[in-house]
Amino acid sequence: MQAKLVFLRYLPISKGGVIQLTRTAALEYATRGVRINAVCPAVIHTEMAERITQHEEQTLK
């Protein structure tokens, strides 16, 4: 379980930064008719993500 925490440690911070930057840019450029969108980082439970977390668990032992 600890390995998954290491793997996901900075995800909420980076996601929050992307959201705030997007909101700020959207407000700044809305008067010019420019629309701003964002794609936020996320971890989706897949076989590849499982292999990565298993590798980190083995490394931490």
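Here, residue 1 is the first one in the sequence, and each next residue gets the next number. Atom set for the values below is all heavy atoms of this structure, side chains included, hydrogens, waters and symmetry mates excluded.
- Taking CD from Gln20 and CZ from Arg23, the interatomic distance works out to 5.0 Å, rounded to the nearest 0.5 Å.
- Across all their heavy atoms, Val18 and Val39 have their closest contact at CG1-O, 4.2 Å.
- Heavy atoms only, all atoms of each residue included: Asn37 and Thr22 are closest at C-CG2, 4.0 Å.
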